[in-house]
Structure formats: structure tokens, C-alpha cells
Novice: 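Pasting a structure here, questions to come.
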Protein chains: 2
Amino acid sequence: MVAPSLRARVRAGMIDEIKAVARRHLANDGANLSLRAVARDMGMVSSAIYRYFPSRDDLLTALILEAYNALGDAVEAADAAVDRADLRGRWHATCRATRSWALAHPAEYALLYGSPVPGYAAPDDTVAPAQRPPLTLVGILRDGVADGRLQPPADELPEPLRADVAELGALLSVDLPPALLARGMAGWTQLFGLISFELFGRINRMLPHRDEYFDHQTALMADLIGLSSAG
Amino acid sequence: MVAPSLRARVRAGMIDEIKAVARRHLANDGANLSLRAVARDMGMVSSAIYRYFPSRDDLLTALILEAYNALGDAVEAADAAVDRADLRGRWHATCRATRSWALAHPAEYALLYGSPVPGYAAPDDTVAPAQRPPLTLVGILRDGVADGRLQPPADELPEPLRADVAELGALLSVDLPPALLARGMAGWTQLFGLISFELFGRINRMLPHRDEYFDHQTALMADLIGLSSAG
DNA sequence: TCCATTCCGAGAGCACCGCTCTCGCAGAGC
DNA sequence: GCTCTGCGAGAGCGGTGCTCTCGGAATGGA
């Protein structure tokens with residue numbers, strides 16, 4: 001690793017500043033990020049931005065990558081803070097951390113999990129960061145099966161599906177009974193739906209105690225999976 | 001009701017044609033609908049569109065309203081086609097109809113359930129059509145409780161939440177035990193998450209048998225609710 | 001030290017967008 | 001037949017992403 005030249009360091013600082021300004025615009029104005037507005041905020045002309053990002057989509061991709069990793073950090077830290085044996089506590093901590101991050105960064109959450117921008121295709125280097133939250137959830141299941149605290153469901157999946165889910169598990173490098181992994185995916189799907197409804201929808205605008213509602217809904221999924229508390 | 005004049009009929013036809021062309025553009029180009037492109041397709045100049053829709057958002061609102069009602073029609077028809085006593089069959093039919101409509105109209109589904117457009121606020125006359133799919137689902141629960149086929153969960157919800165959910169049930173004009181309604185909402189949330197993941201995400205791009213996966217996931221929620229088949 | 005190379009910001013410009021305003025025409029109603 | 005209303009065309013404003021050129025400045029090797 002050669003020491004970066006002054007130019008390289010200035011350039012990296014510029015890239016960081018552009019991303020910071022863009023993130024601020026995202027939080028204020030929503031998803032329609034304007035390159036020209038970012039440039040104006042930095043006292044530059046719009047064409048100068050293109051020295052650092054070849055297109056608006058590339059800037060968005062950079063923001064998406066950072067957002068995925070910020071969410072992954074928050075989720076993994078929340079899981080790590082709970083006693084390893086307390087499967088149910090870890091599940092709740094992970095779910096709550098996801099929701100908290102989403103409520104604190106709604107525009108970035110929408111960027112990650114909202115409707116895709118029509119012309120935009122996520123590059124391959126986003127899939128690994130994108131898998132961190134669901135991997136944290138299935139990690140709880142893996143630990144539970146490993147030490148016997150978590151009983152897999154009695155029924156196995158019917159065949160065309162069992163092979164699919166087993167292959168998906170292999171792809172995620174988790175060795176779980178497919179029927180259990182399917183329930184974990186149900187929990188992840190439910191979590192995503194809960195947060196999206198709370199952020200985007202107006203269905204539960206009439207539920208004043210949203211924290212309690214969220215905890216109860218994730219508890220339902222913890223029951224479905226069979227997660228137990230510690231002890 | 002006075003007979004509409006020729007002018008009024010021509011105008012109504014124009015509005016319909018604009019909406020049809022706009023819907024086609026939506027399906028092809030995604031969410032970023034261009035008024036000028038619609039006008040070009042109709043051989044008009046862009047300013048002429050404003051004779052019929054005061055703004056682009058109003059056109060979008062009209063499309064959203066039609067989409068909600070199209071989805072509601074499909075969902076209610078699917079539920080009505082199943083034996084009233086077959087609660088589980090009705091649940092699956094309703095879920096499948098929702099998914100089928102979404103897969104057939106991905107852009108309109110994204111319009112309804114995707115990330116909200118930043119400056120856009122849905123007017124009040126969209127909430128009633130928007131409630132038709134979830135109302136169909138809770139209708140299944142209502143029928144099940146009414147004829148005794150569906151046993152509510154034994155545990156009642158803890159207090160701050162129980163009152164919230166009870167009030168929500170009253171607002172939807174369904175008299176259900178709050179704990180059961182909460183499970184129904186879990187099913188609706190799960191359904192939305194499943195469809196959104198399939199349409200937007202790339203997590204289950206690696207599940208070839210998506211129909212089977214969908215059916216299994218909705219069956220898990222039917223189990224959680226306690227829905228039984230007929231007989 | 002000098003010079004060629006590289007990098008970068010400014011500016012003009014293109015095509016597109018939503019939206020407003022004016023103008024002239026044609027049909028509807030009196 | 002006349003007036004009034006509705007409608008399409010056109011020009012125009014400010015905004016967008018993006019491209020290209022130009023000139024200045026810093027870099028790094030001779």
C-alpha cells in the first residue's frame with residue numbers, strides 16, 4: 001500500500017463531501033436527488049461533479065452501498081449485544097435495530113427497499129452488503145439449531161420447494177433444515193413488510209403505540225419459528 | 001341525471017384515452033411518467049393535456065385510483081369464487097389473486113405500494129379503495145369467527161396495544177378479537193412483503209419455484225391465524 | 001529548473017421535463 | 001347570426017442529466 005498522494009487525498013475528500021451533501025439532500029427532498037442541487041450546495045458547477053461520479057446513478061449506487069453497510073452495522077451490533085443463548089432476545093434486538101435505522105433514515109431505507117428506479121440496475125457489489133441483515137437473522141436460527149435450543153419444524157417441505165430452499169441455504173452458507181429456513185424467511189419478509197407499511201403506508205397511522213405493535217408482530221414470527229428465551 | 005352533452009362525452013373519452021396511454025407508458029417506462037411523452041403519443045402538444053388534468057400528480061392520482069379498484073375487483077372476485085366455509089381456501093385464493101395482479105401490473109403495484117413520491121400526498125378518496133384487499137382478508141376472519149370455524153387465540157393482547165387494535169377494528173367495521181385481528185394484519189403484512197420482495201428485490205431470484213414458495217409462505221400465515229379448510 | 005502531462009472547474013449547449021400564458025379557431029347555446 | 005365557452009397550438013420559463021471544450025493549476029520526470 002503506497003502512501004496516497006496529496007491529489008488522491010484531496011480527491012477522496014471531495015468524493016466524501018459530495019456523498020455527504022447528497023445524503024443530506026436525500027433526507028430533505030426525498031428520492032429525486034438532483035446533481036445540480038448538490039453541485040450548487042458545494043459552490044460548484046454541475047459539470048464538475050462528473051469528475052467524481054460518471055453519472056447520477058453512480059452517485060446513487062455509492063449512497064446505496066453506504067446505506068446497506070450502515071444498516072448492516074447497526075443490525076449486527078444489536079445482535080452481538082445480546083447473550084448468544086437468548087435466541088428470542090437476539091431476534092427482537094435485530095428486528096428493532098432494523099426498524100430504528102429505517103425510521104432514522106427513511107429516505108435511505110426507501111432507496112434500499114422501495115420500488116426500484118426504472119432505468120436503474122443494482123451492480124453486483126451491492127448484493128453482499130444487502131445480505132447482511134437477513135444473514136444476521138438466519139444466524140440466530142443457525143446458533144439455535146447448533147446448541148439444540150431451537151427445534152426445527154416436524155414437517156419437511158414438499159419436494160420442488162425443499163430443494164430450492166436447501167440450495168438457497170447453501171448459497172447463504174447456512175446449514176439449516178429447509179422448513180426452518182423457510183420460516184426464517186417468513187420472519188424476514190414480515191419484518192420488511194412491517195417497516196415498509198409504517199414508513200410508506202398510512203394503514204397503521206391510526207395505531208398510536210407503534211413500538212408495542214411492532215414488538216407484538218415480530219413476536220408472532222418468533223413464535224412461528226420457535227425461538228425461545230435464554231435459560 | 002341529465003343526458004351528457006356531446007362535448008361532455010368527447011371530453012370523457014379524451015380523459016379515458018389519456019389514462020390509457022399513460023397506463024401504457026407506466027408499464028413500459030416505469031414510474032417516471034412523462035406528460036410530454038403521453039401528449040406526443042396522442043399527437044397533441046403537452047399543454048393540451050392540462051385541459052384535462054391540472055397537473056401530472058392528478059393524472060397519477062387517477063391512475064392510482066383505477067389501480068386500487070382493479071386490484072380490489074380481482075381480490076374480491078377471487079374470494080367470492082370459493083365456498084364460504086372454506087376459510088383456508090379463501091385465504092389462499094385472495095393471496096394468489098393479489099400476487100397475480102401484482103405480477104401482471106408491476107408498475108401499477110409499485111405505484112400503490114412502493115416508496116411514495118416525495119412531493120406527492122395521496123388524496124382522501126384513495127383510502128377506501130386502498131382498504132379493499134385487507135378488508136377482504138379480515139372478512140375471511142370475520143366469517144370464520146361468526147360460524148365458529150375459527151378459534152381466536154387464547155391469549156389477549158397486552159393493554160396499550162389491545163385498545164389500539166380494537167379501535168382499528170371498529171374503524172374497519174369488523175368485530176374481531178384484537179388478538180385475532182393482529183394475526184390477520186400479520187398475514188396482510190407478510191403478503192405485501194412477499195410480493196414486494198418478488199417484484200423489487202433480488203433475494204428470491206434464486207428460487208425457481210416461486211408459486212410453491214408463495215403458497216407455502218401464505219400457508220404459514222394461515223396456520224398462524226388458525227384458518228381451517230372446509231368440511 | 002523547466003516542461004509535458006494530468007487533473008479539474010467553469011461555461012456553453014443539447015434534449016428533456018412540468019407548467020404557464022396567450023392566441024386563434026371551432027363548436028354550443030341563445 | 002352572435003356570443004361565449006372549450007380546446008389545441010405555440011412560445012416561453014426554470015429546472016433536470018449529461019457532453020464538450022477551454023484554460024488554469026498542480027504534478028512529476030528530465
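A quick note: this is a predicted structure, and the numbers were derived from the prediction, not measured. All chains are named by letter (A, B, ...) in the order of the sequence lines, taking the proteins before the strands, and each is independently numbered beginning at 1.
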Novice: Please give, in whole Å, the distance from dG15(D) C1' to Leu35(B) CG?
Specialist: 15 Å
Novice: With a 3.5 Å cut-off and no angle check, do the side chains of Ser55(B) and Asp58(B) form a donor-acceptor pair?
Specialist: yes
Novice: Send over the distance from Ile49(A) CD1 to dT19(D) P, rounded to a whole Å.
Specialist: 14 Å
Novice: Between dA25(D) atom C1' and Met14(A) atom CE, what is the distance in whole Å?
Specialist: 14 Å
Novice: Side chain of Asp79(A), backbone of Thr136(A): donor and acceptor closer than 3.5 Å?
Specialist: no
Novice: Can you tell me if the side-chain N/O atoms of Arg11(A) get under 4.0 Å from OP1 or OP2 in dC8(C)?
Specialist: yes
Novice: Return no unless some side-chain N or O of Ser47(A) is found under 4.0 Å from OP1 or OP2 of dA10(C).
Specialist: no
Novice: Touch check for Phe53(A), heavy atoms < 4.0 angstrom, all strands: base, sugar-phosphate only, or nothing?
Specialist: nothing
Novice: Nearest-Å distance, CE (Met44(A)) to P (dG11(C))?
Specialist: 13 Å
Novice: Checking side-chain hydrogen bond (donor to acceptor under 3.5 Å, both in side chains) between Arg99(B) and each of Thr94(B), Thr218(B), Asp211(B), which is the one that passes?
Specialist: Asp211(B)
Novice: Could you check how far CG of Asn32(B) sits from C1' of dG17(D), rounded to whole Å?
Specialist: 13 Å
Novice: Rounded to whole angstroms, how far apart are CD on Glu17(A) and P on dG9(C)?
Specialist: 11 Å
Novice: Taking any heavy-atom pair under 4.0 Å as a contact, classify Met42(A): base, sugar-phosphate, or nothing.
Specialist: nothing
Novice: Touch check for Leu59(B), heavy atoms < 4.0 angstrom, all strands: base, sugar-phosphate only, or nothing?
Specialist: nothing
Novice: Is any side-chain nitrogen or oxygen of Ser46(A) closer than 4.0 Å to OP1 or OP2 of dC18(D)?
Specialist: no
Novice: When you get a sec, tell me which of dC19(C), dG17(D), dC8(C) is the closest nucleotide to the side chain of Arg56(B)?
Specialist: dC19(C)
Novice: Any side-chain heavy-atom pair from Leu63(B) and Arg23(B) closer than 4.5 angstrom?
Specialist: yes
Novice: Pick the closest DNA chain C nucleotide for Ser55(B) and for Arg51(B) by heavy atoms, then say which residue is nearer the 5' end.
Specialist: Ser55(B)
Novice: Closer to the 5' end of DNA chain D via nearest nucleotide, is it Pro54(A) or Ser34(A)?
Specialist: Ser34(A)
Novice: Closer than 4.0 Å, any side-chain N/O of Arg7(A) to the OP1 or OP2 of dT27(D)?
Specialist: no
Novice: Choose from dC16(C), dC19(C), dG9(C) the nucleotide whose nearest atom is closest to any side-chain atom of Arg40(B).
Specialist: dC16(C)
Novice: Check whether the side chains of Tyr109(A) and Ser196(A) place a donor and an acceptor atom closer than 3.5 Å, and report yes or no.
Specialist: yes
Novice: Rounded to whole Å, how long is the line connecting atom CZ of Arg36(B) with atom C1' of dC19(C)?
Specialist: 8 Å
Novice: Hey, which sits more toward the 5' end of DNA chain D by its nearest nucleotide, Tyr52(B) or Tyr50(A)?
Specialist: Tyr52(B)
Novice: How many whole angstroms separate atom CD1 of Ile18(A) from atom P of dC8(C)?
Specialist: 10 Å
